[in-house]
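A short worksheet on the structure shown next.
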There are 2 protein chains.
Amino acid sequence: MDEAVRDVELQVAMLLRLADRNRRSNVRLDRTLERSAYLALLRLAEVGPLAINEIAEHLRLDASTVTRQVLAMESAGYVSRGRDDADARRSVIAMTPAGRAALDGTREARASVYAELLADWDDAERRVLADALARLNDSLDRGIGR
Amino acid sequence: MDEAVRDVELQVAMLLRLADRNRRSNVRLDRTLERSAYLALLRLAEVGPLAINEIAEHLRLDASTVTRQVLAMESAGYVSRGRDDADARRSVIAMTPAGRAALDGTREARASVYAELLADWDDAERRVLADALARLNDSLDRGIGR
DNA sequence: CTAGTTCTCTGTATGATGCAGGTAACTCGT
DNA sequence: ACGAGTTACCTGCATCATACAGAGAACTAG
């Protein structure tokens, strides 16, 4: 029994609960993008236009879920949808300028919430946390494929 | 703009997504307690019988949500419910032996999943992650009250 | 050309959650 | 000890994110 592993498991469970609550109850995040839309737009900003499938794979979501999210983002004007010339089955989802603005605003709001939460952490501690989380995500991402 | 803060924010968002996916898709966790039931029982195991309200406060959930979860756990035989003698409005939720067994089983299953995920981490790294997460939860818990 | 596969979308179901509103029980000031 | 306010819980909604199953259109390989 590795005590640290047990602790990680427990703390992750609690983090999921608290982070969800934080998201819901923080007024500053009211008018901002939902988590999955946020992550999807972030991805589009990083790597350019993508198909539904590619977004789904990155976020580990079912493609049907992404379809709906993209529909919502499209009607909000955050993304445009085209068809791939080479393969007419594929949607090509691209971020619009309005999407960029929404992404930036969301990023700003979220960052300010976290800046406040981590106000009494020193810089090295924040770095350690960020790096540990990044590595954990990496392990999770790998582990999900099984 | 503190880069580490932005990273933490982003990594937490991604962690919520991946951890949820991990939970859903891992066969080993199929027959185990849901996250909130798990955390509630854990709390009962730690501090003994509690009122609905107290559980809700600890988990930062609405009392109505906890009511339902407790009803479900009661019909599963994991908790018993009584009334407080001194205050007949209060429920007194106590873990049963079956609840203890379910908690232990869930803990075991979850720990084994994490042990696998963190297989290529060394012990110091796991400890760092666990501690950073614990502190983050602490900050979150404080921050939610505002 | 056919059979199978891939990509997206739609229909449906589930589960966790919050909020609003109700009822019973308690508390406090007069 | 009565009435006003408060607290604790429960119930009835509504919502949201999600998955899975199935359908149709478009591709691919033999």
Side-chain angles (χ1 to χ4, degrees), chain A residues 13-14 16-27 29-40 49-76 79-94 144, chain B residues 13-14 16-27 29-40 49-76 79 81-93 144:
Chain A
M14 200 61 189
L16 296 194
R17 180 83 280 286
L18 293 179
D20 185 63
R21 177 57 173 189
N22 180 59
R23 173 70 177 83
R24 284 176 198 266
S25 68
N26 203 309
V27 196
L29 301 179
D30 268 0
R31 293 284 170 181
T32 63
L33 295 166
E34 296 294 327
R35 187 173 70 234
S36 286
Y38 171 60
L39 291 171
L50 291 172
I52 299 271
N53 247 355
E54 292 164 340
I55 298 172
E57 195 173 334
H58 176 63
L59 298 182
R60 303 289 183 169
L61 284 171
D62 192 88
S64 69
T65 301
V66 175
T67 293
R68 283 177 243 268
Q69 284 172 349
V70 165
L71 284 173
M73 285 196 282
E74 187 184 25
S75 67
V79 298
S80 65
R81 265 196 314 171
R83 285 284 159 183
D84 189 334
D85 290 336
D87 184 342
R89 290 169 306 180
R90 297 172 79 87
S91 277
V92 179
I93 317 298
I144 284 169
Chain B
M14 199 61 190
L16 296 194
R17 180 83 278 289
L18 293 179
D20 185 62
R21 176 58 173 190
N22 180 58
R23 173 71 178 80
R24 283 176 198 266
S25 68
N26 204 309
V27 196
L29 302 179
D30 268 1
R31 292 284 170 183
T32 63
L33 295 166
E34 296 293 326
R35 175 160 33 92
S36 287
Y38 171 58
L39 290 171
L50 292 171
I52 299 271
N53 249 354
E54 293 164 338
I55 298 172
E57 195 171 334
H58 175 64
L59 298 182
R60 304 290 185 169
L61 283 170
D62 192 88
S64 68
T65 300
V66 175
T67 294
R68 284 177 244 270
Q69 285 173 350
V70 165
L71 284 173
M73 285 195 285
E74 188 185 25
S75 67
V79 299
R81 264 195 316 168
R83 286 283 159 183
D84 188 336
D85 289 337
D87 183 343
R89 291 170 304 178
R90 300 173 75 88
S91 277
V92 179
I93 317 299
I144 284 170

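So that the names make sense, note that chain A is the first sequence line, chain B the second, and so on, each numbered from 1. All heavy atoms count here, side chains included; hydrogens, waters and symmetry mates do not.
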Scan nucleotides 3-10 of chain D against the protein and return all N/O pairs shorter than 3.5 Å with their distances rounded to 0.1 Å.
| unit_1 | atom_1 | unit_2 | atom_2 | d |
| --- | --- | --- | --- | --- |
| D:dT7 | O4' | B:R89 | NH1 | 3.4 |
| D:dT7 | O2 | B:R89 | NH1 | 2.8 |
| D:dA8 | OP1 | B:R90 | NH1 | 3.4 |
| D:dA8 | OP2 | B:N53 | ND2 | 3.0 |
| D:dA8 | O5' | B:N53 | ND2 | 3.4 |
| D:dC9 | OP1 | B:I52 | N | 3.3 |
| D:dC9 | OP1 | B:S91 | N | 2.9 |
| D:dC9 | OP2 | B:N53 | N | 2.8 |
| D:dC10 | OP1 | B:R81 | NH1 | 2.3 |
| D:dC10 | OP2 | B:T67 | OG1 | 3.1 |

I'd like a table of atom pairs between the protein and nucleotides 14-16 of chain C - only N or O on both sides, under 3.5 Å - with the distance next to each one.
| unit_1 | atom_1 | unit_2 | atom_2 | d |
| --- | --- | --- | --- | --- |
| C:dA16 | OP1 | B:E34 | OE1 | 3.1 |

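Rounded to whole Å, atom C1' of C:dC9 lies 16 Å from atom CE of A:M73. The interatomic distance linking B:N26 (CG) with D:dA19 (P) rounds to 15 Å, in whole Å. In this entry the distance linking CG of A:L59 with C1' of D:dA17 reads 13 Å, nearest Å. In this structure, B:D85 places its CG atom 14 Å from P of C:dA25, rounding to the nearest Å. One can place CZ of A:R23 at 14 Å from P of C:dG18, the figure rounded to the nearest angstrom. Separating the CD atom of A:E57 from the C1' atom of C:dT8 is a distance of 15 Å, rounded to the nearest angstrom.
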With side chain to side chain contact (heavy atoms under 4.5 Å, CB included) as the criterion, how do A:D20 and B:L16 come out once you've worked through the C-alpha distance, each side chain's angles and the decisive distance to 0.1 Å? CA-CA 8 Å; A:D20 185 63; B:L16 296 194; 5.7 Å; no
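In this structure the side chain of B:T32 reaches within 4.5 angstrom of the side chain of B:R23, judged on heavy atoms. You'll find the side chain of B:I55 reaches within 4.5 Å of the side chain of B:I93, heavy atoms only. Residues A:S91 and A:V70 are not in side-chain contact: their nearest non-hydrogen atoms beyond the backbone lie 4.5 Å or more apart.
Judged by distance alone, with hydrogens and angles left aside, the side-chain atoms of B:R90 form no donor-acceptor pair with the main-chain N or O of B:R83 at under 3.5 Å. Without hydrogens or angle criteria, A:R60 side chain to B:R17 main chain gives no donor-acceptor distance under 3.5 Å.
Qualifying side-chain contact (heavy atoms from CB on, under 4.5 Å) partners for B:A13, counting only residues two or more places apart in sequence or in other chains: A:R35, A:Y38, A:L39, A:R110, B:E9.
Nearest approach of A:D62 to A:S64, heavy atoms of both residues: OD2-OG, 2.7 Å.
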